[in-house]
Amino acid sequence: VQEPEARDKREGLPVAASPATRRLARELGVDLRQVRASGPGGRVTADDVRQAAQAIHEPKEVPLKPAEAAPS
Amino acid sequence: MPRTPLAVDSPLEYLAILDEKGEVDSALEPNLSQELLLKLYRFMVLGRRFDERMLQLQRQGRLGTFAPIKGQEASQLGAVAALEPRDWMVPCFRETAAQLWRGTPMESILLYFGGFDEGGRIPEGQKDLPVAIPVASQLLHAVGLAWAAKYRKSDEVAMTFFGDGATSEGDFHEALNFAAVYQTPTVFVCQNNQWAISTPRSKQTRSRTLAQKALAYEMPGLQVDGNDVLAVYTAAKEAVDRARAGGGPTFIECVTYRMAMHTTADDPGRYRSDEEVAEWTRKDPIARVEKYLAAKGMLTPQEMEAVASEADAAIQEAIQRYEEIAKTLGDPLQMFDHHFEEMPVHLLEQREELRRFLETENEEARHA
Amino acid sequence: MPRTPLAVDSPLEYLAILDEKGEVDSALEPNLSQELLLKLYRFMVLGRRFDERMLQLQRQGRLGTFAPIKGQEASQLGAVAALEPRDWMVPCFRETAAQLWRGTPMESILLYFGGFDEGGRIPEGQKDLPVAIPVASQLLHAVGLAWAAKYRKSDEVAMTFFGDGATSEGDFHEALNFAAVYQTPTVFVCQNNQWAISTPRSKQTRSRTLAQKALAYEMPGLQVDGNDVLAVYTAAKEAVDRARAGGGPTFIECVTYRMAMHTTADDPGRYRSDEEVAEWTRKDPIARVEKYLAAKGMLTPQEMEAVASEADAAIQEAIQRYEEIAKTLGDPLQMFDHHFEEMPVHLLEQREELRRFLETENEEARHA
Amino acid sequence: MPKMTMVQALNMALRQEMEKDDRVIVLGEDVGVDGGVFRVTDGLIDRFGPDRVVDTPLAESAIVGMSIGMAVYGLRPVCEIQFSGFSYLNFHQIECHASRLRHRSQGRWTVPMVLRTPYGGGVRALEHHSESREVFYAHMPGLKMVIPSGPRNARALLVSAIRDPDPVIFFEPKAVYRAFREDVPEEEETLPIGKSLLAREGRHVTLITYGAMVRPVLEAADRLSQTDGIEPEVIDLLTLAPLDDTLLVESAKKTGRVVIVHEAPCSYGPGAELVARLVEKAFYFLEAPVRRVTGFDLIMPLFAREKAYLPNAERIVRAVKETLEAAA
Amino acid sequence: MPKMTMVQALNMALRQEMEKDDRVIVLGEDVGVDGGVFRVTDGLIDRFGPDRVVDTPLAESAIVGMSIGMAVYGLRPVCEIQFSGFSYLNFHQIECHASRLRHRSQGRWTVPMVLRTPYGGGVRALEHHSESREVFYAHMPGLKMVIPSGPRNARALLVSAIRDPDPVIFFEPKAVYRAFREDVPEEEETLPIGKSLLAREGRHVTLITYGAMVRPVLEAADRLSQTDGIEPEVIDLLTLAPLDDTLLVESAKKTGRVVIVHEAPCSYGPGAELVARLVEKAFYFLEAPVRRVTGFDLIMPLFAREKAYLPNAERIVRAVKETLEAAA
Ligand SMILES: Cc1ncc(C[n+]2csc(CCOP(=O)(O)OP(=O)(O)O)c2C)c(N)n1
Ligand SMILES: Cc1ncc(C[n+]2csc(CCOP(=O)(O)OP(=O)(O)O)c2C)c(N)n1
Ligand SMILES: [Mg+2]
Ligand SMILES: [Mg+2]
Ligand SMILES: [Mg+2]
């Protein structure tokens with residue numbers, strides 16, 4: 001059972017992205033909330049996620065897990 | 001207490017007045033004005049010729065599928081002629097002559113069978129329902145209309161038409177039962193034209209007459225020679241008068257014949273003989289009226305010619321109007337009309353989607 | 001050619017043999033064996049007492065809604081007694097006595113009205129359909145079964161039960177028409193118990209008898225005193241014999257009375273008078289059989305007692321069996337059974353979903 | 001304001017509309033002397049007489065077919081089909097005529113009728129008395145389809161349905177009939193047909209439902225809020241057709257997660273359309289698969305097992321939690 | 001192998017099954033002497049006689065109700081309802097009995113019947129003769145619902161339907177009846193009910209359809225391939241219930257983009273269920289909203305406007321392009 005405060009991680013509107021992009025982000029260890037959106041309507045695209053993943057992976061060694069992502 | 005016969009009231013009757021040879025049973029002959037007789041004759045001719053012309057148009061691809069009425073002119077016109085304009089007419093799909101009598105423009109009928117929903121529109125003031133295709137379903141509407149008229153203490157009557165096949169449907173039974181229970185001013189006119197597509201009357205039901213089905217509802221039932229316009233009129237007038245006077249519904253079986261195919265999509269050669277058709281051709285409802293009117297001195301051969309050519313001219317004009325109106329109905333977006341008093345959002349959205357699609361399509365066509 | 005009365009064949013008859021006082025019309029008295037007479041009596045008593053007991057159970061919350069049969073024992077048993085085991089019985093929802101006669105265990109009936117689908121199972125070898133709730137829909141199944149029997153050149157007959165209200169439904173009409181057209185070995189038994197919930201027979205249809213509805217199909221029709229088991233049996237036997245011999249269908253109207261409420265959810269006090277019930281109580285079908293059998297020396301007061309207490313004991317045992325079986329039916333997953341011969345994937349998935357849900361729920365319950 | 005059950009509120013709607021408008025006629029099996037098997041029409045015959053409260057013979061097609069004729073004439077029939085499980089018998093009258101006569105006559109005739117019928121399970125009823133097949137009507141072009149969830153909105157919606165110029169199928173959740181009472185004002189009150197209702201504000205997940213399922217959904221929402229700090233938003237559709245998707249789409253965009261609840265079988269059920277609309281209009285905001293908590297694709301079991309068949313608060317809570325646990 | 005139209009292939013299926021099994025009985029309006037209004041039963045009465053090819057009176061409920069009795073007895077009735085637009089008249093017989101008798105009798109009785117009926121538009125037919133309301137049957141628990149798309153699969157599926165131990169609703173796309181010919185082997189051929197078919201392999205987008213829409217969908221796919229280098233995968237459902245979603249889910253996972261095509265009205269239509277299944281089972285693979293290209297939520301217009309009502313290759317191409325243009 002989740003702690004009540006766990007819910008607060010979900011505060012704020014969802015980031016706009018297709019479900020496939022969400023999966024990609026998850027697989028690449030990218031927090032969608034940290035990604036610059038270039039798609040129509042402020043949508044995060046798969047390319048945005050890939051770029052963000054590169055940015056994460058290149059300078060640092062440790063990928064950010066979604067659980068560790070900071071709340072927005 | 002013992003084993004006793006059960007008496008059934010509601011006596012059934014058979015009525016015929018004007019026979020195949022044009023001879024009339026003068027004891028039964030109704031006292032119709034010359035005007036009414038000639039009007040009946042004119043509409044019989046118009047109905048017949050319009051039917052034949054529609055068949056040509058259909059064969060030329062200028063009309064879609066329709067159901068010819070040939071042979072049933074007396075059944076239809078004898079019945080509707082007993083109605084007043086304030087009464088209601090609830091047709092099936094084979095009542096072209098009745099519709100014309102009531103005021104439906106020929107071009108509406110052409111539009112409808114030409115594939116345009118606009119053909120379903122009945123002129124203001126004409127209290128008819130549109131063509132009803134699901135067999136027997138319309139009978140209940142006539143019961144409802146008549147119920148409402150009675151509720152409103154109006155003296156309107158509702159007459160509904162259907163075929164021999166329709167008597168097998170559950171809705172037929174429910175309609176007659178409700179009409180009898182509420183004693184609604186409804187006149188049920190069964191055009192027993194001997195066939196339901198390929199099913200002969202004898203296989204439709206085991207009862208020897210359709211009229212006797214009225215006994216199940218304690219309703220007056222009458223079988224009439226449906227090719228005898230005088231008999232049909234007499235029966236219908238009695239029924240309409242009784243209904244109007246608060247005497248409740250009547251069931252009339254008109255024994256007639258569908259001389260042509262079921263619809264233009266049908267091939268009657270598969271299921272019936274030419275002899276049968278020939279036999280009924282001798283009973284043609286129009287021929288015998290002509291003899292009758294001629295004998296009465298109301299119709300000369302010249303006048304007969306004139307009636308026919310007037311009909312043809314009217315038909316020709318109607319066809320022209322039809323084809324002109326059809327040209328103005330090209331916009332597919334019109335299919336969104338007349339669904340609700342106010343168009344709901346999702347239909348507005350779908351119409352807009354179609355509009356944009358057609359626009360681009362047209363543009364692409366222009367560029368190509 | 002003129003205006004003539006239309007003759008209708010199919011003479012209707014009324015039949016009554018054993019009156020309210022237990023007096024018999026000896027000219028009509030059927031020659032039944034003592035064994036059959038006593039068996040009929042025993043089932044009438046069993047039907048009555050089972051009904052009363054079910055009502056108690058329902059009032060105690062141990063059964064759901066059901067439709068009592070009180071008063072209709074003769075109609076049901078007189079009719080089914082004319083069937084052989086190889087014949088088919090297609091009930092409506094108020095044929096408890098007929099079902100018992102045919103072999104349905106009382107616990108099945110209790111299970112069904114106790115809310116368990118398992119109660120719908122008919123024992124192997126018993127050719128009955130399950131209870132049919134949509135009024136008049138089952139008549140067509142009896143026509144189909146009879147059609148099939150005829151096709152197979154078997155001599156099986158199909159008998160179907162329904163109420164006075166059912167005669168208003170379209171399916172009634174379609175079933176009688178089809179049966180007559182194909183001359184299927186079908187016996188239509190209408191239990192005219194004067195009410196369709198709150199609708200009296202007089203408002204259900206305007207025809208003075210229901211039997212006369214048979215005329216619409218050129219089918220033999222018979223109205224019988226439905227509280228007279230001898231008359232019902234005689235009529236049914238004639239109809240079954242005729243059907244078996246290839247003579248086609250028969251329509252039997254049993255004039256009887258629903259002495260209790262429509263179902264246990266109904267309050268007849270809202271629409272009918274105690275006097276009416278009292279009047280029909282005097283016509284009780286069981287009382288007059290008792291007098292008849294006593295007069296024939298076939299039944300002593302002691303034997304009457306014994307029949308009643310045997311019935312009670314059997315009922316008591318059945319209730320125990322019901323309650324024991326019900327305990328074994330706790331698994332909701334059983335609702336997935338008997339949908340298709342092979343369970344399709346989506347149902348396997350849904351069953352698994354429910355299984356997991358129930359498992360966790362149980363675990364949580366254990367931990368709490 | 002008097003506290004009323006849904007049965008009483010519906011009865012009041014009928015009574016008041018009949019008083020205002022003599023075109024309103026109530027008809028059906030046992031609606032008169034008996035007051036309807038659920039007593040929705042109780043007392044109307046005493047007040048308005050058998051000309052306006054019409055007990056009919058047992059024939060659903062006739063009840064509806066006759067209503068169509070009455071409506072064309074200019075009356076406002078409100079017919080009752082005793083249980084939605086018997087409304088198949090009038091299906092062709094609705095599909096071929098009630099929904100179409102305006103179109104078939106190109107606006108000349110209209111069918112301002114209401115077909116009232118109780119639907120759904122949960123009252124330990126007989127076979128065929130507990131079904132939910134609202135999709136049959138919701139899918140039919142030319143119809144409106146309304147399902148109230150409580151006494152007050154039932155009354156307001158029934159008034160709107162009676163006044164509506166087009167045919168309205170009015171499904172009454174029989175499990176709600178006497179389940180609870182609400183304040184229902186004596187004064188006139190209507191609700192627009194074609195508008196859904198925000199039944200509970202929230203932020204973490206959107207629950208969409210209607211009819212009898214509104215109560216277990218709200219119960220689940222309260223439990224989630226109290227024990228898990230989850231604040232579900234709850235939408236009560238009220239009208240299934242025409243479907244107002246603005247509220248659902250807005251809410252889904254806000255919460256990103258949606259659970260749909262209905263009694264009807266899952267496959268090709270009403271929930272599917274809701275999913276499709278969300279996919280069409282809020283796709284990029286969905287963080288997790290939309291869940292359907294529904295009746296199973298089974299013949300409704302008799303009452304001993306109906307509790308297991310019907311969605312309940314527990315199943316809804318579970319589905320919400322799983323939806324929230326799903327990775328974004 | 002002889003080249004056959006769908007009408008001929010269906011006729012062959014009936015003939016061969018009737019030859020093999022004297023339990024198979026064909027019945028309906030005009031199926032005997034006339035050979036059916038579309039000639040699907042042509043010649044059968046000459047071969048098998050009026051005891052096995054039964055012309056019935058005009059009553060749909062009776063045709064189906066009688067078939068149910070015949071099936072319970074142990075026969076294998078194949079009844080024809082002349083047009084699906086009249087099958088509402090037998091709706092209660094299907095809902096209350098055909099689909100339920102196995103369950104209601106707890107396995108004692110079964111209803112191995114087939115209800116054949118032509119559905120859909122495109123043949124310039126009369127009012128009520130062009131509808132697509134497959135959802136009504138697909139949503140009903142206890143039924144199987146099959147819609148073939150071409151002569152060969154029609155024949156194989158009809159054979160399977162006749163042999164199926166449970167009731168099968170068999171919708172025949174009348175627009176396909178005589179539209180084209182296919183090789184149909186004289187030897188026995190069956191297709192499993194409940195399996196969809198990969199009608200075209202592709203990679204960029206998944207098109208899901210069935211019945212008469214398979215042809216315009218394949219046409220659209222070819223055009224997309226030829227002019228735009230887009231390779232659509234096309235799935236032909238063949239069975240609507242029970243719905244086999246494995247192929248759709250797999251394909252959607254591969255392409256990420258899906259367009260659904262059907263003639264039936266959009267709202268609460270069959271497409272909605274497909275969207276819902278994809279959302280449930282392939283959610284995280286969807287790159288763009290699933291699109292529905294369908295009939296409008298309208299009363300089917302008479303034939304002069306039916307082309308604009310029905311989805312066509314052009315509308316499908318457009319929808320595919322828009323779906324592919326949508327940002328992932
Ligand atoms: C309910 C229904 N079932 C089937 C059809 C197809 N159909 C159209 S007309 C017809 C025969 C009608 O026979 P009948 O009632 O005698 O009228 P007729 O065509 O002879 O005028 C049939 C079967 C239909 N229109 N409606
Ligand atoms: C088609 C249908 N409509 C309505 C009902 C609800 N209902 C159940 S029994 C009944 C009355 C039946 O009357 P009748 O046929 O006389 O049988 P009885 O109950 O008197 O035995 C009604 C209206 C139903 N079961 N089926
Ligand atoms: Mg019916
Ligand atoms: Mg005919
Ligand atoms: Mg009764």
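What you see is a predicted model; the values in this text were computed from it and never measured. Here is the naming used below: chain letters follow the sequence lines, and residue numbers restart at 1 for every chain.
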* Structural part of D/Leu240 lying under 4.5 Å from a heavy atom of chain E -> both
* Do E/Arg277 and E/Glu273 meet the salt-bridge criterion of a basic N to acidic O distance under 4.0 Å? -> yes
* With respect to chain D, which residue among E/Ser267, E/Ala276, E/Ala138, E/Cys96 yields the maximal number of heavy-atom pairs within a distance under 4.5 Å? -> E/Ser267
* **With D/Phe86, the side chain to side chain contact (heavy atoms under 4.5 Å, CB included) member among D/His129, D/Glu131, D/Glu29** => D/His129
* Asked: Which one of D/Pro289, D/Pro270, D/Ala326 has the most heavy-atom pairs closer than 4.5 Å to chain E?
  -> D/Pro289
* To do: Would you check if there is a donor-acceptor pair between the side chains of D/His262 and D/Arg292 at a distance under 3.5 Å?
  => no
* Taking atom types as modelled, is there a side-chain donor on D/Tyr309 or D/Ser130 under 3.5 Å from an acceptor on the other? -> no
* **Which atoms of D/Ile299 approach chain E - backbone, side chain, both or neither, heavy atom under 4.5 Å** => both
* Structure fact -> In terms of heavy-atom pairs under 4.5 Å with chain D, the winner among E/Val135, E/Leu286, E/Leu274, E/Val279 is E/Val279
* **Side chain, backbone, both or neither of D/Phe283 within contact of chain E (heavy atoms, under 4.5 Å)** => side chain
* To do: Look at E/His103, E/Met300, E/Met140, E/Gln93 and state which one has the largest set of heavy-atom pairs under 4.5 Å with chain D.
  => E/His103
* Segment of D/Ala282 engaging chain E (4.5 angstrom heavy-atom cut-off) -> neither
* **Under 4.5 Å from any heavy atom of chain D - which part of E/Glu127** => side chain
* To do: Return yes if some donor-acceptor pair links the side-chain N/O of E/Glu263 with the main-chain N/O of E/Met213 below 3.5 Å, else return no.
  => no
* To do: Taking E/His139 for its side chain and D/Tyr268 for its backbone only, find out whether a donor-acceptor pair lies under 3.5 Å.
  => yes
